[in-house]
Amino acid sequence: MKFANSAKRGGNSILAGKILSEAMPWIKEITGKTIVVKYGGAAMVSEDLRKAVMEDVLMLKMLGVKPVIVHGGGNAISKQMEAEGLEVEFVNGQRVTTEDAMRIVRRVLTGEVNQQLVWEMNQHGNIAVGVSGCDGGVLIAKQKDPALGRIGEVTRVNPGLITDLVEDDYIPVVSTIALGDDGGIFNVNADIAAGHIAGAIGAHKIIFISDVDGIYKDFPDEDSLIANMNIDEARELLNDENISKGMIPKLTSCVHALDEGVPSVQFVNGTTAHALLIELLTDDGIGTLVSNTGDAAEVNHAEVDHFASRLLENKYL
């Protein structure tokens with residue numbers, strides 16, 4: 001038997017209740033909405049960080065969010081290429097992919113990285129489904145540049161498989177291998193693919209989780225980290241010679257998603273544990289927010305749940 005005095009709540013419990021209460025307006029803003037989470041960088045390498053990110057996505061799902069994960073796997077691919085004696089080369093942030101490299105990309109990205117993320121998520125229940133961009137013809141691409149080899153430029157997204165999984169209460173985990181218009185398979189930059197998928201499914205937000213704190217105007221100058229900007233400023237930054245080459249695909253994808261009607265894009269550092277929850281559920285955002293200016297094309301956003309549609313924040317979607 002335990003008496004009430006011995007079970008009296010202490011300071012930590014009160015603090016936890018206060019934090020949860022303060023999260024309420026942020027939860028109201030995101031519940032019922034479709035959010036694409038692009039996951040990559042060193043945040044995927046650490047087992048502990050990977051577990052934390054998958055738990056964050058699951059918690060968002062439990063709060064009524066409809067998450068779609070689009071992932072990279074560059075570190076694992078580079079490691080395997082080096083192990084097999086193939087040169088690792090990048091041009092403007094995009095991997096040069098020969099036919100031999102493409103076989104490695106396909107095997108590692110879809111057969112290893114994707115299945116690892118699905119396994120991590122499904123430790124909590126049967127909730128994640130691995131999807132290749134080839135499955136259901138989700139991603140269709142053409143060759144981007146002969147100098148890049150089997151790197152594809154997305155020409156079409158067929159969102160049916162992804163939207164069906166979302167509506168059936170699964171979390172799609174998408175590896176960015178695409179069907180080619182030449183009958184082959186292309187490797188599509190995961191940042192670029194995430195922007196196309198977000199636009200095609202009518203996502204309300206896309207979040208890039210990587211191993212940098214956000215968008216820098218003059219990388220690596222820490223004082224140049226941008227807290228927020230609009231789409232016009234993002235376009236200008238793309239033409240800035242000081243922008244990091246690795247940031248070009250992310251910012252290109254960001255602009256595409258905003259042009260397609262996605263209201264906002266966020267960049268967070270996944271090497272900070274639970275950065276996703278901090279960014280979405282607290283007043284103290286820790287990354288970069290890029291917002292639309294209202295000039296985007298008219299789109300049909302993914303439907304929100306019936307309950308969520310009755311909340312003030314979602315009333316006019």
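Numbers here simply count residues along the sequence, with the first being 1.
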message: Does anything in residues 34-47 form a side-chain hydrogen bond (donor to acceptor under 3.5 Å, both in side chains)? List the pairs, not counting sequence neighbours.
response: Lys38-Asp191

- line: The complete set of side-chain hydrogen bond (donor to acceptor under 3.5 Å, both in side chains) pairs with one or both residues in residues 119-129, sequence neighbours excluded, reads Arg50-Glu120, Gln116-Glu120

With sequence neighbours excluded, tell me which residues meet side-chain hydrogen bond (donor to acceptor under 3.5 Å, both in side chains) with [X].
X: Asp182; answer: Arg150
X: Thr163; answer: none
X: Ser78; answer: Arg95
X: Glu22; answer: Lys18

- prompt: For Asn269, does its backbone N or O pair with a side-chain atom of Asp213 as donor and acceptor, under 3.5 Å?
  reply: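 Such a contact is absent between Asp213 side chain and Asn269 backbone.
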
- request: Look only at the side chain of Asp135 and the backbone of Ser132, and say whether a donor-acceptor pair between them is shorter than 3.5 Å.
  value: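 Such a contact is found between Asp135 side chain and Ser132 backbone.
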
Side-chain donor/acceptor pairs under 3.5 Å, residues 102-110, sequence neighbours excluded:
residue : atom : partner : partner atom : Å
Arg103  : NH2  : Asp100  : OD1          : 2.1
Arg107  : NH2  : Glu84   : OE2          : 2.6
Thr110  : OG1  : Ser175  : OG           : 3.0

message: Under the rule for ring pair (Phe, Tyr, Trp, His ring centres under 6.0 Å), what residues qualify as partners of Phe186, not counting sequence neighbours?
response: none

message: If the condition is ring pair (Phe, Tyr, Trp, His ring centres under 6.0 Å), which residues does Tyr216 pass it with, not counting sequence neighbours?
response: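 Tyr216 satisfies ring pair (Phe, Tyr, Trp, His ring centres under 6.0 Å) with Phe219 once adjacent residues are dropped.
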
Side chains of residues 136-145: which donor-acceptor pairs under 3.5 Å do they make with residues two or more places apart or in other chains?
residue : atom : partner : partner atom : Å
Gln143  : NE2  : Gly149  : O            : 3.0
Asp145  : OD1  : Ala147  : N            : 2.9

query: Quick one: ring pair (Phe, Tyr, Trp, His ring centres under 6.0 Å) pairs with a partner in residues 240-283, sequence neighbours left out?
result: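 Every ring pair (Phe, Tyr, Trp, His ring centres under 6.0 Å) pair that includes a residue of residues 240-283, provided the two are not neighbours, is His196-His256, Phe208-Phe267.
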
field: Pairwise ring pair (Phe, Tyr, Trp, His ring centres under 6.0 Å) hits with a residue in residues 62-92, at least two apart
entry: none

